[in-house]
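See below for the structure under consideration.
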Amino acid sequence: MGLPFENVKRRTIVLREEATDSGYGLNPEERSIEERLKTGFILLDKPPGIRSKTAAHIAKKILAPLDVTKIGYSGTLED
Amino acid sequence: MHLHGEVTEQLLVSVLDSFTGKIKQLPPVRSHVKRQEREREIFYIDLLEIQGKDVLFRVGVQSGTYIRKLIHDIGQKLGAGAHMTELRRTKVSHLSEKDRLVTLQDLEDAVYLYLQESDGRLLDFSIQTIEKALDFLPKVMVSDTAVDPICLGAGVAIPGIVRLDDFKAGDRIFISTLKGELIALGDAVLDSDKLIKMKKGIAVKTDSVIMLPGTYPRYKRKDIGSQ
């Protein structure tokens with residue numbers, strides 16, 4: 001039993017085989033923590049009782065020493 | 001869910017069952033949407049635990065379903081009445097509690113360990129890639145040569161596409177490098193099955209660019225053909 005999208009298999013179409021130059025860019029899994037602090041994401045276990053906005057604000061303050069200046073949030077719940 | 005009166009387990013099970021499928025719901029007085037009855041789908045309700053009048057269950061619902069309201073309505077149907085005592089989101093889209101969920105305290109510890117003890121393990125665990133957050137979107141992967149123009153706002157031209165997931169016109173698209181990096185988000189101009197039969201034109205209109213220009217080289221036009 002699950003949610004509808006969990007049972008949908010996505011079809012991928014390969015138009016051609018092509019290599020990528022390893023001299024540029026990087027597989028996301030190998031991206032440094034410094035880079036992820038610029039564009040990354042946190043799955044936050046928000047405590048009950050505070051607003052998502054407040055939680056995002058606290059997270060921003062916590063990460064401020066690492067020069068994080070912008071944090072947004074999404075996927076929150078209106079009960 | 002806290003019940004306002006005695007309810008047999010048998011009745012509870014059958015009433016919970018009756019709430020799966022399509023239900024009608026009137027959004028609560030204090031809600032962010034217009035207050036008119038709307039239909040929402042309940043995919044499953046799994047009863048986990050009963051302790052006196054307190055009932056714990058797991059529910060999978062269509063987005064925009066009010067759980068507080070659902071519980072109120074369940075209470076009405078039971079006759080006894082009920083209200084919501086606690087709600088926890090365990091899943092949204094492709095993400096769940098098992099996908100490196102961290103608390104604010106974890107985050108604080110992670111920063112401390114990283115800065116004071118030069119231990120980056122917890123921070124490394126806590127901060128995930130943007131690609132992971134957007135993994136639910138259909139992807140279009142483009143040649144190295146197509147990357148820089150997209151970083152500068154160009155649309156995704158059909159000849160630059162190497163592989164793609166199934167999608168429909170208007171769908172939100174994850175525009176990716178061959179290494180799987182997010183270049184930008186865009187909106188599909190055409191259905192994927194239509195565009196694979198075409199030789200040229202724009203497949204995806206670029207909207208928000210994430211990758212900085214210059215990450216991939218700016219190829220000269222003569223180089224592109226010879227690759």
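In the text below, chain A, chain B and the rest are named by the order of the sequence lines, each starting its count at 1.
Nearest heavy atom pair, residue A:Gly2 against residue B:Phe43, reads O-CB, 4.1 Å. Looking at every heavy atom in both residues, A:Pro28 comes nearest to B:Gly180 through CG-O, 3.3 Å. Annotation for A:Tyr24 and B:Tyr216: closest pair O-OH, 3.6 Å, computed over non-hydrogen atoms.
For the atom pair CG (A:Leu66) and CG (B:Leu123), the distance works out to 6.0 Å, reported to the nearest 0.5 Å. Between B:Leu95 atom CG and A:Leu43 atom CG the span is 5.5 Å, to the nearest 0.5 Å. In this structure, A:Leu37 CG and B:Ser126 OG are separated by 10.0 Å, a value rounded to the nearest 0.5 Å. To the nearest 0.5 Å, atom CG of residue A:Asn27 and atom CD of residue B:Glu181 are 7.5 Å apart. Rounding to the nearest 0.5 Å gives a distance of 13.5 Å between NE2 of B:His94 and CG of A:Leu3. Rounded to the nearest 0.5 angstrom, B:Leu101 CG and A:Leu44 CG are separated by 7.5 Å.
B:Val61 touches chain A through its backbone: at least one of N, CA, C or O sits under 4.5 Å from a heavy atom, while the side chain does not. For B:Glu131, the part lying near chain A is the side chain, with the backbone staying farther off; criterion is any non-hydrogen pair under 4.5 Å. For a residue to count as touching a neighbouring chain, one of its non-hydrogen atoms must lie under 4.5 Å from one of that chain's; by this rule B:Ser31 touches chain A with backbone and side chain alike. No part of A:Pro48 comes within reach of chain B, as not one of its non-hydrogen atoms sits under 4.5 angstrom from that chain. If you measure heavy-atom distances from A:Arg11 to chain B, the contacts under 4.5 Å come from both the backbone and the side chain. In this structure, no portion of B:Ser176 lies under 4.5 Å from any heavy atom of chain A. With a threshold of 4.5 angstrom between heavy atoms, B:Pro138 approaches chain A through its backbone and through its side chain. Residue B:Met141 does not touch chain A at all, counting heavy-atom pairs closer than 4.5 Å.
No more than 12 heavy atoms of other residues, nucleotides or ligands lie within 6.0 Å of NE2 in A:His57, so this atom counts as exposed by the packing criterion. For CD of B:Glu39, the number of neighbouring non-hydrogen atoms (other residues, nucleotides, ligands) closer than 6.0 Å is greater than 12. Other residues, nucleotides and ligands contribute only 12 or fewer heavy atoms inside 6.0 Å of the CZ atom of B:Arg58. By the neighbour-count criterion of 12 heavy atoms within 6.0 Å, atom CZ of B:Arg218 is sparsely surrounded, having that number or fewer from other residues, nucleotides or ligands.
Residues in residues 92-104 of chain B take part in these salt bridge (Lys or Arg N to Asp or Glu O under 4.0 Å) pairs, two or more places apart or across chains: B:Arg88-B:Glu97, B:Asp99-B:Lys132.
Contacts with chain A were tallied for B:Met84, B:Glu41, B:Arg68; B:Arg68 has the most, counting heavy-atom pairs under 4.5 Å. Chain B forms the most heavy-atom pairs under 4.5 Å with one residue out of A:Gly40, A:Ala19, A:Gly25, and that residue is A:Gly25. Of all the listed residues (B:Lys139, B:Glu108, B:Arg89), the one sharing the greatest number of non-hydrogen pairs under 4.5 Å with chain A is B:Arg89. Among B:Thr215, B:Thr103, B:Ile71, the residue making the largest number of heavy-atom pairs under 4.5 Å with chain A is B:Thr103. Options B:Leu104, B:Ile67, B:Val92 differ in how many heavy-atom pairs under 4.5 Å they form with chain A, and the most are formed by B:Leu104. Here B:Val102 is the residue among B:Thr65, B:Ile210, B:Leu87, B:Val102 with the most heavy-atom pairs under 4.5 Å with chain A.
For the side-chain contact (heavy atoms from CB on, under 4.5 Å) criterion with B:Ile130, the lone passing option out of A:Arg36, A:Lys38, A:Arg31 is A:Arg31.
With sequence neighbours left out, the salt bridge (charged side-chain N to carboxylate O under 4.0 Å, His left out) criterion links B:Arg30 to no other residue.
The shortest distance between side-chain heavy atoms of B:Ser143 and A:Arg16 falls below 4.5 Å. A:Ile42 has its side chain within reach of B:Leu107: a pair of non-hydrogen atoms, C-beta onward, lies under 4.5 Å apart.
Listed in order of number, the residues of residues 158-165 of chain B that approach chain A to under 4.5 Å between heavy atoms are B:Pro159, B:Gly160, B:Ile161, B:Val162, B:Arg163, B:Leu164, B:Asp165. Inspection of non-hydrogen atoms places B:Val111, B:Tyr114, B:Leu115 of residues 111-122 of chain B under 4.5 Å from chain A.
Residues A:Glu30 and B:Lys179 are not paired through a salt bridge, judged by the lack of any N-O separation under 4.0 Å between the basic side chain and the carboxylate.
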Exercise. Run the side chain to side chain donor-acceptor pair (under 3.5 Å) check on B:Asp144 and A:Thr20 step by step: do they pass?
Worked result: CA-CA 6 Å; B:Asp144 288 0; A:Thr20 170; 2.8 Å; yes
